[in-house]
Amino acid sequence: MKERLMKCLKGLLPPGMDPKLLCGTFLAGLSISALGSLSFWWRYGLAVSRLYETVGGRRVRIPGEMMADFAALMGGADVTNALVCFWALALLMPLFIIYHYLYHRQGARSDYLMRRLPNRWVYHRRCVVLPVAAGLAALAAAMLVLLLYFGMYMLFTPGDALLPGQWMKIWSVI
Amino acid sequence: MLKIENLQKRYGGKAALCGVSVELPRGEIVGLFGENGAGKTTLMKSVLGLIPSSGEITLDGEAITRRNIEKFSFGTCEHSFIPNLTALGHRDFYAEVFPAFSEKRFNGLMDFFELPRHRPVRTFSAGQKNQFEVIMALSQGADYILLDEPFAGNDVFNREDFYRVLLGILEPRETVILSTHLIEEVSDFVGRALLLRHGRLVGDASVMELEDRGLSLMDYIKETYHYRSDRVSRALRELGGEDEA
């Protein structure tokens, strides 16, 4: 299975290129992004604690106190955004396209070979497809995390503390 | 038949090829000669579409496109192999992308040159890299094999052996266009000589014609280039004169 996957990946990369570089970068980036997204839960915990106060040793809801918006807990349009590492990963992947084209000029001019192949798309397919796919996968992972966290936010937050229009506000995170 | 008509190429303001026209039928070994900057490499790259140029280049009456580009292979001293790929990796890749790839010829030439098959080509010596470049050009299954100074840096024994093997393995449909400065070395192997100078085709003769005229290939080249045989003695005389002064 692993061998088949590696063979498939090699067919989508410049000939002779080790898939580990791109895959390793992508998986490491994905892990860092997933860890970075956990900042949402830290903010969520703080927001939940603001809904309650301790009276006579008991934790009780503060009347009228509302939960912060999901979008606000995900962070602003800057580095505090819980998904910022996903965006960065998606932006990093196109750099691999440049690297793949330059690879054909390192140590030899293998671009001469690739440019005279009967199928003109082989050269471009091997330079472009995987970085684009990895970039799209990073975006898809960000969307998945967003929807997952949104679902958990709606599930775990007391219903009467939710501000209206959360679904509409979710898009401001993106 | 490869037909080149009025081929022109300029690099900035400098003309690299000025109206080159030539016809190259199948089954020849053609020597392409000329001093550095004469336009040999530019001519080959123009045929392959690696650089833009004007004029008309056709193969059997058809423009050279993706449909017939596989009829051409290219071995260059710049090297067009993939450094990180092993020799066997090249074999597999060529077999995948070039339908006429000859594994038999690949194996035969790999054995002849005794090249390692499982090492990345980047680890080869300079001579081995040149040999491998030529092996791939010859094994691709092309009708026109363009070799641009393929043996720069190889020892003379390897080169001579290679030319002998080349003569032995070429099929009647195959044409080799060999650009080189090693004129005397290839004079017994080429059947036709094309001479470029300052981007113009200044000579085109078959070796048989030259033999009929009692000329060697080197004589013909010197004659065409208006080589002044007294050049060295004059220079030495002048230099000696300076010393005396």
Side-chain angles (χ1 to χ4, degrees), chain A residues 1-28 93-134, chain B residues 41 44-52 64-101 119-124 126 129-130 132-133 136-137 139-142 144-148:
Chain A
M1 178 70 183
K2 193 183 173 188
E3 269 182 27
R4 278 178 65 187
L5 177 68
M6 290 304 269
K7 194 179 173 192
C8 176
L9 289 175
K10 281 182 178 176
L12 292 171
L13 283 170
M17 181 173 273
D18 190 347
K20 284 176 188 160
L21 176 64
L22 179 65
C23 294
T25 305
F26 178 69
L27 291 176
M93 288 299 119
L95 295 180
F96 273 92
I97 297 174
I98 299 167
Y99 172 62
H100 287 170
Y101 279 107
L102 290 177
Y103 170 85
H104 291 95
R105 289 174 173 234
Q106 288 169 356
R109 292 299 304 266
S110 52
D111 59 315
Y112 289 163
L113 167 64
M114 301 303 283
R115 285 163 60 198
R116 59 180 186 80
L117 298 180
N119 181 348
R120 78 165 66 209
W121 301 114
V122 170
Y123 182 30
H124 304 299
R125 188 183 73 207
R126 283 176 173 266
C127 288
V128 173
V129 167
L130 266 193
V132 167
Chain B
T41 303
M44 289 188 175
K45 288 182 179 174
S46 298
V47 169
L48 295 163
L50 295 174
I51 52 171
I64 294 164
T65 63
R66 296 283 165 179
R67 290 222 317 262
N68 56 7
I69 190 70
E70 69 187 276
K71 301 284 182 195
F72 295 88
S73 66
F74 187 40
T76 166
C77 55
E78 291 179 85
H79 298 151
S80 61
F81 53 67
I82 300 150
N84 287 340
L85 208 56
T86 62
L88 290 183
H90 277 84
R91 180 200 64 185
D92 295 343
F93 181 65
Y94 269 64
E96 181 189 322
V97 295
F98 294 113
F101 176 74
R119 268 170 40 198
V121 180
R122 68 166 190 276
T123 65
F124 287 12
K129 284 177 181 172
N130 290 338
F132 186 71
E133 179 78 9
M136 297 320 294
S139 305
Q140 187 195 301
Y144 285 84
I145 299 156
L146 279 56
L147 299 176
D148 185 17

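As the structure is a computational prediction, the values presented were derived from the model and not from experiment. These values consider heavy atoms only, across backbone and side chains, with no hydrogens, waters or symmetry-generated copies.
Interface remark: B/Lys129 contributes no atoms to any contact with chain A (heavy atom separation under 4.5 Å). For B/Gln140, the part lying near chain A is the side chain, with the backbone staying farther off; criterion is any non-hydrogen pair under 4.5 Å. When heavy atoms are compared at a cutoff of 4.5 Å, B/Phe93 approaches chain A solely by way of its side chain, counted from C-beta outward. Using a 4.5 Å cut-off between heavy atoms, B/Thr76 touches chain A through its side chain atoms alone. Looking at B/Phe72, only its backbone comes within 4.5 Å of chain A, counting heavy atoms on both sides.
Between the side chains of B/Arg66 and A/Asn119, no donor-acceptor pair of N or O atoms lies under 3.5 Å. Side chains of A/His100 and A/Tyr123: no donor on one and acceptor on the other come within 3.5 Å.
Of the listed residues (B/Ile82, B/Val121, B/Thr86), the one with the most heavy-atom contacts under 4.5 Å to chain A is B/Ile82. Per-residue heavy-atom pair counts under 4.5 Å with chain A were compared for B/Glu78, B/Arg67, B/Glu70, and the maximum is reached by B/Glu78. Chain A forms more heavy-atom pairs under 4.5 Å with one residue of B/Asn68, B/Leu85, B/Thr65 than with any other, namely B/Leu85.
A distance-only check finds a donor-acceptor pair linking the side chain of A/Arg126 to the backbone of A/Lys10 [under 3.5 Å]. Side chain of B/Ser80 to backbone of A/Arg109: no donor-acceptor contact under 3.5 angstrom is found.
Taking the six-membered ring where the residue is Trp, B/Phe132 and B/His90 present perpendicular rings, their angle passing 60° and hence far from 30°.
In this structure, A/Arg125 and A/Gly11 approach most closely via the heavy-atom pair NH2-O, 3.9 Å.
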